[in-house]
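One-based numbering, in listed order, for ligands and for the atoms of each.
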Amino acid sequence: MNWEPVIGLEVHAQMLTDTKIFCGCSTLFGSKPNTQTCQICIGMPGVLPVLNRKALEFAVRTGLATNCTIAKQSRFARKNYFYPDLPKGYQISQYEQPICEHGHLEIVVDGEVRRIGITRIHMEEDAGKNIHEGTGGFSYVDLNRTGVPLMEIVSEPDIRSPKEAAEYMRKLRSIVRYLGVCDGNLEQGSLRCDANVSVRPAGQKEFGTRAEVKNINSFRYVEKAIEYEIKRQIRVIEDGGRVVQETRLWDANKGITESMRSKEEAHDYRYFPDPDLVPIMVDQKQIEKIRAALPELPDAKRHRFVKAFGLPENDADMLTAERSTAEWFEAAVRAGAQAKAAANWIMGDLMKLLNEENRSIDDCFIKPLQLAGMLQLIDKGTISGKIAKSVFDEMYKTGRDADAIVREKGLVQISDTSEIEQVVDEIIARSPKEVERFRAGDEKLLGFFVGQAMKATKGKANPQMLNDLLKKKLS
Ligand code: ADP
Ligand code: MG
Ligand code: ZN
């Protein structure tokens, strides 16, 4: 039997507002427990929440960027449940009337464009954090996170493979980072993903029963956890059992998902409109104002990079995944760098060095103008591409200009024919065996001669001239 997976993702994104969603407490991460709380966010009776204007704007921004319809009127609802990290006994969320609906975004997987529907985006408050470790047998509750604004972005069950799920997540992360509404950090939990997974016989229209997998905190695990869950469900069915609707936890150490609790139904939460909060009204004028202020988004940028700079799709994709990288690239081109060359240096050497240090391109010592300067030295033949690598490393470390480094270290390329000829003659004279073998047809040995010459000139010989001379003298 051929099984088809069906996947829908619920993504929680912590919004980058300075203050909480219904009070003025700070959202700063990592402060001493319970120092960023007030009567409102710890849920004292009688206090009144007031919606943070910025949180609403961020949600609308995200909705517009994902092709959603923005509700002119939406509402908050109480989702009732008991847990120590939820002092009010209910979470303020949205239920029947979310702020955004009916959106979609496009992903490209294995060269195929896929449109993934977004059912809804709603605003809600985060809960606190229970602390069980390092507390001498007690459990504590930290309410600093209580009331931090979240968006829940719910996809349609349009995803068909673990790879598509990861790509969808990547696209979403890229968009919220472009918009500046969330920092997109999966490891720290500011972007969290619950995966709903089911399988059905290929060709069948009805969906199978889904399990919801929680606790997925990296892109690698998005794929791994879903892969495992698909296999598990197929095994259950093929062994004659049935998949039960439940919530499962991904255990990254064991590489498996484990049953956590049977799936709660919406009616278990006794949702009802929150009487403490007035309906949220957004008019067309506000929507258009927010739309007009949207930045160019990753897809549009990618298309423009292909068209305007003649870059291959893959390069454009890589360069536009992060807004800061894309802007750095464009600044280099504006400073005179040839686009493809700049792209290669950024995607190769620069990204590698940045990744090694876990440093972002924004606080990199090399500036776009300096990359353009180095590329000019290569173009003019002052340095070879090979020398450029070590110049680039030095620029990366020190933030100095390429020509200063080249001058100081005497790295100017040797393009003087007689100087290179002298080196070539010496090498040929002391390598009679190799010369004989080369002339007998072992052309791979050209590499040996090039290597020797480069060693003798400390890599400074003009490679083209060196090659031409060697071929001429050896033939
Ligand atoms: P709940 O809060 O009960 O999980 P939501 O409506 O918030 O319900 O989320 C449901 C998620 O599950 C959506 O992302 C949806 O696309 C997905 N989904 C629904 N049915 C299936 C199914 N049969 N298989 C896989 N995913 C599904
Ligand atoms: Mg769910
Ligand atoms: Zn507060």
Side-chain angles (χ1 to χ4, degrees), residues 3-12 17-28 31 34-44 47-52 55 77 79 81 87-88 91-96 98 101-104 116-122 124-128 142-162 164-165 168-169 172 192-201 204-214 216 222 226 229-230 233 242-248 260-269 271:
W3 296 96
E4 181 183 53
V6 171
I7 302 154
L9 298 186
E10 290 165 79
V11 176
H12 286 90
T17 55
D18 295 332
T19 54
K20 294 188 180 179
I21 185 165
F22 299 120
C23 65
C25 291
S26 167
T27 53
L28 208 67
S31 308
N34 299 310
T35 53
Q36 288 162 195
T37 55
C38 71
Q39 294 93 323
I40 293 174
C41 55
I42 64 174
M44 291 286 134
V47 297
L48 286 175
V50 177
L51 176 62
N52 181 336
K79 180 180 182 179
Y81 66 92
K88 292 198 299 299
Q91 177 195 29
I92 305 177
S93 180
Q94 294 193 288
Y95 183 56
E96 281 165 331
E101 281 185 291
H102 313 303
H104 66 264
I116 310 298
I118 290 177
T119 317
R120 55 189 276 149
I121 301 178
H122 68 247
E124 62 186 25
E125 56 179 351
D126 209 345
D142 176 6
L143 297 178
N144 281 350
R145 204 178 64 184
T146 311
V148 166
L150 299 178
M151 281 183 284
E152 178 169 338
I153 304 161
V154 182
S155 89
E156 289 288 304
D158 288 345
I159 299 165
R160 293 288 174 270
S161 70
E164 282 183 17
Y168 168 84
M169 239 352 240
L172 209 53
R192 320 198 261 270
C193 159
D194 301 339
N196 292 270
V197 180
S198 65
V199 297
R200 63 179 172 188
Q204 178 183 304
K205 240 180 126 60
E206 297 76 38
F207 291 150
T209 306
R210 70 179 153 124
E212 180 172 336
V213 183
K214 289 186 179 288
I216 302 173
V222 171
I226 296 175
E229 185 56 23
I230 292 167
Q233 292 185 9
R242 307 176 79 176
V243 173
V244 287
Q245 182 156 334
E246 63 181 348
T247 303
R248 299 180 67 86
M260 179 167 104
R261 57 169 188 248
S262 68
K263 173 78 186 156
E264 65 288 345
E265 303 278 347
H267 63 247
D268 295 328
Y269 288 117
Y271 280 100

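Contact atoms of ligand 1 toward L9: 14 (O) (distance under 4.0 Å to a heavy atom of the residue). Near F207, meaning under 4.0 Å from one of its heavy atoms, ligand 1 places the atoms 23 (N). Shown in contact with E156 at under 4.0 Å from a heavy atom are these atoms of ligand 1, numbered in order with element: 16 (O). Within the listing of ligand 1, atoms 13 (C), 14 (O), 15 (C), 16 (O) sit less than 4.0 angstrom from a heavy atom of S155. Within ligand 1, the atoms closer than 4.0 Å to a non-hydrogen atom of G208 are 23 (N), numbered from 1 in the order shown. Near V6, with a cut-off below 4.0 Å to any heavy atom, the atoms of ligand 1 are 24 (N), 25 (C).
Side-chain contact check for T247 and E212: no donor-acceptor pair (N or O, by modelled atom type) lies under 3.5 Å. For the 3.5 Å distance criterion, the side chains of E156 and H104 fail to qualify, holding no donor opposite an acceptor.
Ring-plane geometry between Y271 and Y95 is classed as parallel, the angle between the planes falling under 30 degrees on a 0 to 90 degree scale with a further cut at 60.
Around the Zn ion (ligand 3), the angle linking C38 (SG) with C41 (SG) is 110°, rounded to 10 degrees. Angle SG(C25) to the Zn ion (ligand 3) to SG(C23), rounded to 10°: 110°.
E101 and R120 are not joined by a salt bridge, as no carboxylate oxygen comes within less than 4.0 angstrom of a charged side-chain nitrogen.
Of the heavy atoms in E212, only side-chain atoms (C-beta onward) come closer than 4.0 Å to ligand 1. Looking at V154 against ligand 1, only its side chain comes within 4.0 Å, counting heavy atoms. Counting heavy atoms under 4.0 Å from ligand 1, residue D194 does not touch it at all.
Checking only distances, I7 never comes within under 3.5 Å of ligand 1, N or O to N or O. On a distance-only criterion, P157 and ligand 1 share at least one N/O pair closer than 3.5 Å.
Under a 3.5 Å cut-off, the side chain of N34 and the backbone N or O of L143 do form a donor-acceptor pair.
Closest to atom 21 (C) of ligand 1 by heavy atom, among R200, R120, R210, E152, is R210.
At least one side-chain heavy atom of R160 sits under 4.5 Å from a side-chain heavy atom of V6. Within the 4.5 Å cutoff, no side-chain heavy atoms of T209 are placed close to those of R242. Between T37 and N144 there is a side-chain heavy-atom pair separated by less than 4.5 Å.
Screening K88, R145, K20, K79 for a salt bridge (charged side-chain N to carboxylate O under 4.0 Å, His left out) with E125, the sole residue that qualifies is K88.
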